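Quick caveat: nothing in here was measured; it's all calculated off a predicted structure. Chain letters run A, B, ... following the sequence lines, proteins first and then strands; every chain starts at 1.
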Protein chains: 2
Amino acid sequence: MEDRADYIRESIDFLHRFLVKSIQKHAEEHGLTVPQLRVIAQVLVNKQITIKHLTQNLRMTQSTVSDIVERLSAKGILLKTPNPKDKRSVIISVSEEVLNLIKDHSNEPVKRAVRDVLSLLTPEEQGTVEQGMRLLMKAVTEKMEKDGMGQMESFDEPFH
Amino acid sequence: MEDRADYIRESIDFLHRFLVKSIQKHAEEHGLTVPQLRVIAQVLVNKQITIKHLTQNLRMTQSTVSDIVERLSAKGILLKTPNPKDKRSVIISVSEEVLNLIKDHSNEPVKRAVRDVLSLLTPEEQGTVEQGMRLLMKAVTEKMEKDGMGQMESFDEPFH
DNA sequence: GTACGATAAATCGCACCCGATATATCTTAT
DNA sequence: ATAAGATATATCGGGTGCGATTTATCGTAC
């Protein structure tokens with residue numbers, strides 16, 4: 001049990017770093033950082049989006065998003081226009097010029113990386129991976145409910 | 001495949017955040033941050049350690065470690081003494097006073113969290129989780145070799 | 001209409017994270 | 001012994017991430 005818990009803990013850490021590395025290479029090709037690329041991707045997907053929704057979708061605090069958007073705006077990558085419906089709010093969009101340069105989504109390299117990884121396994125093995133992951137996720141969710149850790153409830157359950 | 005890759009990617013992200021949260025609560029009880037607690041734990045385990053080894057063990061850059069150690073030193077938690085064997089180096093240790101206050105290791109709360117999670121599953125389910133994790137790790141390692149991503153080779157393979 | 005509560009985003013201060021640089025020191029080659 | 005290469009750590013500058021605070025604005029209750 002002890003060794004198994006250690007293994008799982010370290011694996012999660014390792015896998016996470018692997019995913020971050022996958023997206024980092026892509027970001028650097030565009031002279032951006034990973035968080036910047038994630039923000040841009042969200043703006044691309046939504047065409048127009050507010051700081052608030054970026055905050056929710058990206059699971060960052062509003063202050064972090066504000067800073068990142070500000071720097072991307074200064075770089076001419078993102079546009080900030082006042083929201084006519086609410087003067088407290090701003091609309092974030094991608095400038096037309098940049099739109100043609102960045103046709104990719106932030107998750108694409110990560111998706112490709114995970115897909116490549118899975119393609120190295122047999123369908124049966126893939127099933128085991130997925131099953132194990134579901135069991136672990138279920139157990140974690142259960143523990144969180146027991147502990148009253150409701151702060152991560154914003155996780156979008158896949159396959160909803 | 002597409003949905004499965006998405007699920008696995010998001011699960012890894014979620015699980016990672018869960019682990020971080022687990023240690024965060026513990027850190028806050030001591031008025032510390034997670035990175036600080038990790039550094040302190042390494043110093044506790046090794047009694048005396050250099051910045052260089054902290055850097056390697058914690059998988060941070062030397063500049064990050066230097067900053068953290070500096071702040072912990074300013075708080076009186078860590079001690080920095082010149083290394084008599086090498087004037088470029090410093091020995092990091094825990095002050096005697098703090099030694100009595102912090103008898104815990106940084107990984108304990110995380111270990112406990114993962115153990116608690118696993119205890120919610122049957123032994124058979126635990127086996128599936130571990131098996132899936134091993135398959136995934138094997139596939140990721142394989143892909144990294146194909147891509148020449150040797151930079152993460154510092155991962156200590158468990159059960160060696 | 002007015003007051004109050006809630007909200008959106010900018011900003012601040014702190015800590016962390018990184019790569020690059022600088023300085024002093026050690027190791028190796030000649 | 002000397003010079004060159006390698007190394008340990010502090011520091012710098014830029015970016016990220018957070019919680020707290022501020023200011024303006026919106027929504028609701030009366």
Side-chain angles (χ1 to χ4, degrees), chain A residues 13 16-17 20-21 23-25 27-28 30-40 42-43 48-75 77-92 106 151-152 154, chain B residues 13 16-17 20-21 23-25 27-28 30-40 42 48-75 77-92 106 151-152:
Chain A
D13 185 51
H16 177 76
R17 278 189 280 120
V20 171
K21 285 284 185 185
I23 192 177
Q24 193 143 41
K25 289 168 61 179
E28 283 162 6
H30 292 84
L32 301 170
T33 65
V34 172
Q36 288 175 339
L37 201 55
R38 291 182 66 212
V39 168
I40 292 168
Q42 277 292 315
V43 180
Q48 299 190 328
I49 190 168
T50 60
I51 301 276
K52 177 183 173 181
H53 284 113
L54 282 173
T55 296
Q56 292 170 348
N57 295 353
L58 292 165
R59 297 202 183 91
M60 297 176 183
T61 60
Q62 169 258 311
S63 68
T64 302
V65 172
S66 192
D67 281 342
I68 294 173
V69 167
E70 178 57 37
R71 281 190 291 275
L72 288 175
S73 179
K75 283 174 180 276
I77 296 176
L78 293 185
L79 294 180
K80 291 174 63 176
T81 48
N83 182 352
K85 297 180 186 175
D86 185 345
K87 291 187 181 173
R88 297 171 298 184
S89 180
V90 289
I91 304 282
I92 315 294
S106 74
Q151 305 138 45
M152 294 176 75
S154 57
Chain B
D13 185 51
H16 176 76
R17 278 189 280 122
V20 171
K21 285 285 183 183
I23 192 177
Q24 195 145 40
K25 290 168 63 178
E28 281 162 6
H30 292 84
L32 301 169
T33 66
V34 171
Q36 288 175 340
L37 201 56
R38 291 181 66 210
V39 168
I40 291 166
Q42 277 294 313
Q48 297 188 327
I49 190 170
T50 61
I51 301 275
K52 177 184 174 183
H53 284 113
L54 281 173
T55 295
Q56 291 169 350
N57 296 353
L58 293 166
R59 296 200 183 94
M60 298 176 183
T61 61
Q62 169 258 308
S63 69
T64 301
V65 173
S66 192
D67 280 343
I68 296 174
V69 166
E70 177 58 38
R71 279 188 293 272
L72 288 173
S73 181
K75 283 173 179 278
I77 296 175
L78 292 186
L79 294 180
K80 291 174 64 176
T81 48
N83 183 353
K85 297 179 185 175
D86 184 345
K87 292 188 180 175
R88 298 171 299 183
S89 180
V90 289
I91 305 281
I92 314 295
S106 74
Q151 305 138 43
M152 292 175 77

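- A/V65 pairs in a side chain to side chain contact (heavy atoms under 4.5 Å, CB included) with only one of the listed residues (A/I51, A/T50, A/N57), which is A/I51.
- Across all strands, B/T33 comes closer than 4.0 Å only to sugar-phosphate atoms, never to a base (heavy-atom distances).
- In this structure, A/I92 and A/L72 have side chains that are not in contact, with every pair of non-hydrogen atoms separated by 4.5 Å or more.
- Closest approach of B/G31 and B/K75 over heavy atoms only: O-NZ, 4.4 Å.
- The CD atom of A/Q62 lies 9.0 Å from the CG atom of A/D67; values are rounded to the nearest 0.5 Å.
- The environment of A/K80 atom NZ is dense: over 12 non-hydrogen atoms of other residues, nucleotides or ligands sit within 6.0 angstrom.
- Here the rule is side chain to side chain contact (heavy atoms under 4.5 Å, CB included) with B/V69, and of B/V39, B/I49, B/V90, B/T64 only B/V39 fits it.
- Contact check for A/R38 versus A/I68: no side-chain heavy atoms found under the 4.5 Å cut-off.
- Summary of the strand contacts: A/K75 and B/S89 both lie near DNA chain D, and taking for each the nucleotide with the nearest heavy atom, the more 5' one is attributed to B/S89.
- Distance B/R71 CZ to D/dT11 C1': 13 Å, rounded to the nearest Å.
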B/S/- contact track for nucleotides 19-29 of chain D, protein heavy atom under 4.0 Å
BB---BBS---

Does the salt bridge (Lys or Arg N to Asp or Glu O under 4.0 Å) test come out yes or no for A/D13 and A/R17, once each step is laid out?
CA-CA 6 Å; A/D13 185 51; A/R17 278 189 280 120; 3.3 Å; yes

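- Nucleic acid contact for B/V65: none, since no nucleic acid atom lies under 4.0 Å from a heavy atom of the residue.
- At a threshold of 4.0 angstrom between heavy atoms, the contacts of B/E70 with the nucleic acid are absent.
- The outermost nucleotides of DNA chain C lying under 4.0 Å from heavy atoms of chain B, listed 5' to 3', are C/dA15 to C/dC26.
- D/dT16 atom P lies 10 Å from atom CD1 of A/I40, rounded to whole Å.
- Spacing between atom CG of A/L37 and atom C1' of D/dT16 amounts to 15 Å, rounded to whole angstrom units.
- If you measure from atom CD of B/Q56 to atom C1' of D/dT7, you get 12 Å, rounded to the nearest angstrom.
- The shortest distance between side-chain heavy atoms of A/T81 and A/Q48 does not fall below 4.5 Å.
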